[in-house]
K.L.:
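Okay, handing you the structure first.
No experiment lies behind these values; they were computed from the predicted model shown. All chains are named by letter (A, B, ...) in the order of the sequence lines, taking the proteins before the strands, and each is independently numbered beginning at 1.
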There are 2 protein chains.
Amino acid sequence: MAFMIAQRAFLKLYLLKLVEEHRGYGYQMLEELKTEFAPQGYVPPQSEIYRALHELVQEGILYRTKKLKGGDPGVDFQEIVLYHFTDNGMEKAQLYRKQVKTDLDRCLGILNKASRDHFS
Amino acid sequence: MAFMIAQRAFLKLYLLKLVEEHRGYGYQMLEELKTEFAPQGYVPPQSEIYRALHELVQEGILYRTKKLKGGDPGVDFQEIVLYHFTDNGMEKAQLYRKQVKTDLDRCLGILNKASRDHFS
DNA sequence: GCATGAACAGATTGTTCATTA
DNA sequence: TAATGAACAATCTGTTCATGC
């Protein structure tokens, strides 16, 4: 097992949550997460967001649709990729969340111990 | 900056502490840390221990001496490598600890937030 | 600048292998 | 088995580049 939780897994949790709340395309979620994590001094990199989304699709949790941003033609023709849960995507996601929670708790245990041991 | 704290940096903290307490060779420290982290389900890999020690030497914080284990000849001729702080090693270590603390706190902030956001 | 994606390079790490006593 | 070290392979990640609107 890896020492620490992977950034990819960490981001997947947040992306699943954002898709669940119907805020659903890559660039927007990236910007949202950037804002959300600014206080923690963490800037999620663009490449990881897209890689995480692609993996969630490959894993059969999400699927993609394409849409023209704005909807009204003549206004904005930018094409965006929206994400939605597949039929059994929610169950799969729940399973995945469970796995990540185990890993997250393990990491917190390790890091909290280090914090106590060296900087208490 | 990397997403999470590196295992190497994490281990260096513990190795510096063990050397400070005069428990000082690789294999022994490895076994000690294995025992210490058993409850957290973390098994520090042998290779990382040695790599971390080598780096601490390269960074001028520690230096090495060699010794025959047991001391008494005829009993055990296994050669072991002991580690000690250099002249200004303690100061350097203190500086390093400070840096790692910053990183550690950043990681804890991120992971605690995730824990709250998804599993509260 | 918004939006998506790929490519490339580097660092970290886990496993295995080698050596000696 | 204890002890140290190196080699190898895989993964992850950060940066940069490419494309289109």
K.L.:
Could you check A:Val81 against B:Ala9 and say which one's nearest nucleotide on DNA chain C is further toward the 5' end?
P.N.:
A:Val81
K.L.:
Between B:Lys92 and B:Glu59, does at least one N-O distance fall below 4.0 Å, as a salt bridge requires?
P.N.:
no
K.L.:
What nucleotide among C:dG5, C:dA3, D:dG5 has an atom nearest to a side-chain atom of B:Tyr83?
P.N.:
D:dG5
K.L.:
Out of D:dT4, D:dT13, C:dT15, which has the shortest distance to the side chain of A:Gln7?
P.N.:
D:dT13
K.L.:
Round to the nearest Å and state the distance from B:Phe10 atom CZ to C:dT12 atom P.
P.N.:
16 Å
K.L.:
A:Phe3 vs B:Phe10 aromatic rings, parallel, tilted or perpendicular, using cut-offs 30° and 60°?
P.N.:
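A:Phe3 vs B:Phe10 ring planes: tilted.
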K.L.:
Quick one: is D:dT4 close enough that its OP1 or OP2 comes under 4.0 Å of any side-chain N or O from B:Tyr27?
P.N.:
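B:Tyr27 to D:dT4 OP1/OP2: no side-chain N or O under 4.0 Å.
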K.L.:
Which whole-number value in Å describes the distance from B:Met29 CE to D:dA2 P?
P.N.:
17 Å
K.L.:
Mark yes or no for a side-chain to base donor-acceptor pair under 3.5 Å between A:Gln46 and C:dG5, with no hydrogen or angle criteria applied.
P.N.:
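Donor-acceptor pair under 3.5 Å: yes.
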K.L.:
Can you check the A:Leu53 CG to C:dA3 C1' distance for me, whole Å?
P.N.:
13 Å
K.L.:
Could you tell me whether the phosphate oxygens of C:dA6, OP1 or OP2, come under 4.0 Å of any side-chain nitrogen or oxygen in A:Tyr50?
P.N.:
no
K.L.:
Side chain of A:Glu48, heavy atoms from C-beta onward: which of D:dG5, D:dT13, D:dT15 has the nearest atom to it?
P.N.:
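Per side-chain heavy atoms of A:Glu48, the pick is D:dT13.
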K.L.:
For A:Phe3 and for A:His54, find the nucleotide of DNA chain C with the closest heavy atom, then tell me which residue's nucleotide is more 5'.
P.N.:
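Result: A:His54.
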K.L.:
Starting from the C-alpha separation in whole Å, work towards a yes-or-no answer on side chain to side chain contact (heavy atoms under 4.5 Å, CB included) for A:Arg97 and B:His118.
P.N.:
CA-CA 8 Å; A:Arg97 278 164 39 91; B:His118 302 289; 4.0 Å; yes
K.L.:
Quickly work out the B:Glu55 CD to D:dG5 C1' distance and round it to whole Å.
P.N.:
15 Å
K.L.:
Are the charged groups of A:Arg51 and A:Glu48 less than 4.0 angstrom apart, N to O?
P.N.:
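Judged by the 4.0 Å cut-off on N to carboxylate O distance, A:Arg51 and A:Glu48 do form a salt bridge.
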K.L.:
Checking contacts here: which listed nucleotide (C:dT12, C:dG5, D:dG14) is nearest the side-chain heavy atoms of A:Arg64?
P.N.:
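Out of C:dT12, C:dG5, D:dG14, the nucleotide with an atom closest to A:Arg64's side chain is C:dG5.
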K.L.:
Testing A:Gln28, A:Lys34, A:Glu36 one by one against A:Glu32 for a side chain to side chain contact (heavy atoms under 4.5 Å, CB included), which residue passes?
P.N.:
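Only one option passes, and that is A:Gln28.
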K.L.:
Looking at A:Arg51, does any N or O in its side chain come under 4.0 Å of the phosphate oxygens OP1/OP2 on C:dA7?
P.N.:
no
